[in-house]
Amino acid sequence: MAIDAHWRQGIPMNEDPLFEAVLSPHRSLGRTGFVILMTLVTVITVVHMVIFVQIGAWPIFAFFGLDLALLFGAFWLSYRSGRMREFIRMSRTDLEVKKVSPSGRAVDHRFNPFWTRFNIDRHDEIGITGMQISGQGRQTDVGSFLNPDDKESFASAFQRALATVKQR
């Protein structure tokens, strides 16, 4: 699952995390599946390239090569974007959202949980289309890459944790 969330009830110390989550994009094709898929596609493409070269259709040979290169490039970009992460940690006194891009660059957003609002954009058919954490004149989107079920799960857990912080 793309969400790893922990939420503790009770009376914690002020800096103990009440809520922690690591959000990451889901990739349905693992490394083994990728190797098998690309091996089959490469073999089939090379066989067709040889056939078209033998009959003298050089332009089609080039398009097959371009097609294979673009497929590898698309998978490379997809797996690269899968390295992004969002770390959300909330204690009674601090809410930190750390976003790590695929290149490894991290951006921190800090909020006071007591003054924080959690806004959810919904569509009747799709469900949650966007989630934002805002407070003190600042705002950041969270979980934009999650699937609809994971967005619902995260939103529910985060709302409960935020309500708990504001009650105490």
Side-chain angles (χ1 to χ4, degrees), residues 1-39 41 69-168:
M1 186 165 165
I3 297 177
D4 180 20
H6 304 286
W7 178 42
R8 295 188 300 173
Q9 290 183 339
I11 304 174
M13 308 247 331
N14 283 343
E15 293 305 315
D16 286 345
L18 291 170
F19 179 86
E20 290 180 299
V22 178
L23 307 180
S24 60
H26 175 70
R27 293 294 178 259
S28 59
L29 186 62
R31 180 167 299 278
T32 304
F34 171 73
V35 170
I36 291 169
L37 175 69
M38 291 311 294
T39 301
V41 168
L70 289 173
L71 184 61
F72 271 103
F75 272 108
W76 181 81
L77 289 173
S78 175
Y79 282 113
R80 185 176 189 277
S81 71
R83 294 192 311 231
M84 80 173 65
R85 300 282 183 269
E86 291 181 2
F87 301 91
I88 296 143
R89 182 182 183 278
M90 181 173 21
S91 67
R92 291 189 37 74
T93 59
D94 188 43
L95 170 59
E96 178 185 11
V97 178
K98 181 177 184 176
K99 296 182 174 193
V100 181
S101 70
S103 66
R105 185 174 154 246
V107 177
D108 287 329
H109 302 275
R110 290 190 172 276
F111 301 93
N112 180 335
F114 188 74
W115 300 108
T116 299
R117 294 192 57 170
F118 183 56
N119 303 310
I120 299 174
D121 300 327
R122 287 190 184 273
H123 185 273
D124 293 336
E125 296 174 3
I126 300 170
I128 295 176
T129 57
M131 300 179 287
Q132 301 87 30
I133 297 174
S134 61
Q136 298 136 331
R138 293 173 287 129
Q139 174 177 323
T140 187
D141 292 332
V142 291
S144 59
F145 47 78
L146 296 176
N147 65 48
D149 291 336
D150 287 344
K151 284 181 183 179
E152 290 288 346
S153 174
F154 171 77
S156 176
F158 187 76
Q159 283 177 320
R160 282 194 316 269
L162 192 57
T164 300
V165 168
K166 290 181 178 185
Q167 288 175 354
R168 297 180 184 187

Sequence neighbours excluded and cut-off under 3.5 Å, please list the side-chain donor-acceptor pairs for residues 31-39, or say none.
unit_1	atom_1	unit_2	atom_2	d
Thr39	OG1	Val35	O	2.6

Which pairs of donor and acceptor atoms, one on a side chain in residues 81-89, lie under 3.5 Å apart (sequence neighbours left out)?
unit_1	atom_1	unit_2	atom_2	d
Ser81	OG	Arg27	NH2	2.6
Ser81	OG	Ser78	O	2.9
Arg83	NE	Pro102	O	3.3
Arg83	NH2	Pro102	O	3.2
Arg85	NH1	Gly82	O	2.9
Glu86	OE1	Gly143	N	2.8
Arg89	NH2	Glu15	O	3.0

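Considering CD of Gln159 and CZ of Phe19, their distance stands at 10.5 Å, rounded to 0.5 Å. Put simply, CG on Asp150 and NE2 on His26 are 8.5 Å apart, with the number rounded to the nearest 0.5 Å. Separating the CG atom in Leu162 from the CZ atom in Phe114 is a distance of 10.5 Å, to the nearest 0.5 Å. Distance CG/Asp94 to CG/Asn112: 8.0 Å, rounded to 0.5 Å. Distance check: Phe118 CZ to Leu95 CG gives 10.0 Å after rounding to the nearest 0.5 Å. To the nearest 0.5 Å, atoms CD1 (Ile126) and CG (Asp124) are separated by 9.5 Å.
Across all non-hydrogen atoms, the minimal contact from Phe154 to Ala21 is CE1-CB, 4.1 Å. Looking at every heavy atom in both residues, Lys151 comes nearest to Thr129 through NZ-O, 3.9 Å. Here the closest non-hydrogen pair linking Ser24 and Leu146 is O-CD2, 3.9 Å. Nearest heavy-atom pair across Val165 and Ser91 is CG2-O, 4.1 Å. Looking at every heavy atom in both residues, Tyr79 comes nearest to Gly30 through OH-O, 3.7 Å. For the residue pair Thr116 and Lys166, the shortest heavy atom distance occurs at O-NZ, 2.5 Å.
For Gln132, the side chain to side chain donor-acceptor pair (under 3.5 Å) criterion is met by Asp121, not counting sequence neighbours. Residues satisfying the side chain to side chain donor-acceptor pair (under 3.5 Å) criterion with Asn119, sequence neighbours excluded, are Ser134. A search for salt bridge (charged side-chain N to carboxylate O under 4.0 Å, His left out) contacts involving Arg122 returns Glu152, not counting sequence neighbours. Contacts of Glu125 classified as side chain to side chain donor-acceptor pair (under 3.5 Å), with partners at least two apart in sequence or in another chain: none.
Heavy-atom neighbours of Lys98 NZ from other residues, nucleotides or ligands within 6.0 Å: at or below the threshold of 12.
Under a 3.5 Å cut-off, the side chain of Arg138 and the backbone N or O of Arg110 do form a donor-acceptor pair.
Residues Asp141 and Lys99 form a side-chain contact, since some pair of their non-hydrogen atoms from C-beta on lies under 4.5 Å apart.
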**OP:** For the pair Met90 and Phe158, evaluate side-chain contact (heavy atoms from CB on, under 4.5 Å) and give the outcome as yes or no after the intermediate values.
**Re:** CA-CA 9 Å; Met90 181 173 21; Phe158 187 76; 3.7 Å; yes
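Defined by atom type and a distance below 3.5 Å, a donor-acceptor pair is missing between the side-chain atoms of Arg160 and Thr164.
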